[in-house]
Number of protein chains: 2
Amino acid sequence: MMIAEVSEKFDVPQDTLRYYERIGLIPRVNRNKSGNRDYMEEDCKWVEFIKCMRGAGLPIEVLIEYVGLFQQGDETIETRKRLLIEQRKQLITRIEDMKKTLERLDYKITVYEQAVVQTEKTLRRPADYFCGKNSVDGN
Amino acid sequence: MMIAEVSEKFDVPQDTLRYYERIGLIPRVNRNKSGNRDYMEEDCKWVEFIKCMRGAGLPIEVLIEYVGLFQQGDETIETRKRLLIEQRKQLITRIEDMKKTLERLDYKITVYEQAVVQTEKTLRRPADYFCGKNSVDGN
DNA sequence: GCTTGACTTGGAGTTAACTCTAAGTGTTAT
DNA sequence: ATAACACTTAGAGTTAACTCCAAGTCAAGC
């Protein structure tokens, strides 16, 4: 599989694929006789894995370390496990934060919904302007 | 409330607070007689709100737009609502992605757990090296 | 045999989001 | 009244993560 296909398949720019390989975020990909990258099944799995992890916000630095450990073989299994556990912990925290923010956003939106209805009423009865700024946004 | 207290209270660096104000991410804060920022209740609410939204990954650009709309008054309520709904949508997607990644991380960790146990057994019975690299990482 | 197009490399440039610096002002403690 | 300190501003510098560029190679088609 050439870089163009891999890029297409996983929706990762070619430049990014080369960059990831260059910095050791994915193990080195074999080249064919003409020197071009030829991605094996294994390489594709790495690309997909890294894309997934990056999408969840795991820092490149940490992932480089993980790949490095992997390439050092089985003595690093324990270390890799600990690395993943630490990342899981941080990911859970981020998800919790985001859920809270989502609830807040939901609440704000319901408030805006009411405000819009209010505005529509006002438009129908333009007399009661005395309501003043019905300033939405309690933050 | 002076900038040092606000910085402390919300755990946002002073430089970041100034930066946020400069770029319009929070409305301009009043200065006292000696020209220093004096944060009112309202300003603090903005700081806290922005911190929360940034923490969930909403881009600064979008938040600047929101603040700008807010300052234009009630005619922008509908627009602000739509902006929030769009951001909510994207936030939900991000949370879903992260949850999937979390599951994957969890799975990998269980695999590593078994691998570690396996390694420990091997250490106890050093004979069966024929098991070969019990290469963890199906990605 | 020449052009076209996909690839290669190392290195430079970009973007978002801070973070720091320099030069200056005002308030407080000795 | 002078030193120490918290603040001010505009602007420069940094970091992470790409993204682009220039110069060159290789295989396929006319």
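To find a chain, count down the sequence lines: A is the first, B the second, and so on, and within it residues start at 1.
What separates CG of B/D38 from P of C/dT27 is a distance of 13 Å, to the nearest Å. Atom CZ of B/R28 and atom C1' of D/dT8 are 11 Å apart (whole Å). For the pair A/N36 CG and D/dG24 C1', the interatomic distance rounds to 13 Å; values are reported in whole Å. Here the P atom of nucleotide D/dC26 and the NZ atom of A/K33 are 13 Å apart, to the nearest Å. Summarising the geometry, the separation between CD1 on B/I64 and P on C/dA16 is reported as 11 Å, rounded to the nearest angstrom. Going from atom CE of A/M53 over to atom P of D/dA16 covers 21 Å, rounded to whole Å. In this structure, the CG atom of A/N32 is 8 Å from the P atom of C/dT8, given to the nearest Å. If you take NZ of B/K51 and C1' of C/dA17, they are 16 Å apart, rounded to a whole angstrom.
Taking only side-chain atoms of B/M2, from C-beta outward, the nucleotide of C/dA17, C/dT9, D/dC7 with the closest atom is D/dC7. Nearest to the side-chain atoms of A/Q14 among the listed nucleotides C/dC7, D/dA17, D/dC7 stands C/dC7. Side-chain proximity of A/R22 to the nucleotides C/dC7, C/dG11, C/dC18 is greatest for C/dG11.
Using bins of under 30°, 30° to 60° and over 60° for the plane-to-plane angle, the ring pair B/W46/B/F70 lands in the perpendicular bin. Under the 30°/60° scheme for interplanar angles, the aromatic rings of B/Y66 and B/F49 are found to be tilted.
A/D15 comes within contact range of at least one nucleobase, with a heavy-atom separation under 4.0 Å. A/I23 comes within contact range of no nucleotide atom at all, as no heavy-atom separation falls under 4.0 Å. The residue B/R37 sits close only to the backbone: its heavy atoms come under 4.0 Å of sugar-phosphate atoms, none of a base. Residue contacts shown for B/R31 are limited to sugar-phosphate atoms, with no base heavy atom under 4.0 Å away. Residue A/R54 is classed as a sugar-phosphate contact, given heavy-atom separations below 4.0 Å to backbone atoms only.
Side-chain N/O atoms of B/Y20 include one lying less than 4.0 angstrom from OP1 or OP2 on C/dC18. Distances shown here put a side-chain N or O of B/S34 below 4.0 Å from the OP1 or OP2 atom of C/dT27. A close approach under 4.0 Å does not occur between any side-chain nitrogen or oxygen of A/Y19 and OP1 or OP2 of D/dC20.
Here the CD1-CG distance, from A/I3 to A/D15, works out to 8.0 Å after rounding to the nearest 0.5 Å.
Ion pair B/E78/B/R82 flagged as a salt bridge, since at least one NZ, NE, NH1 or NH2 atom sits closer than 4.0 Å to an Asp/Glu carboxylate oxygen. Salt bridge absent: B/E48 and B/K9 never bring a charged side-chain N and a carboxylate O closer than 4.0 Å.
When each of A/G35 and B/P13 is assigned the nucleotide of DNA chain C bearing its nearest heavy atom, the one mapping closer to the 5' terminus is A/G35.
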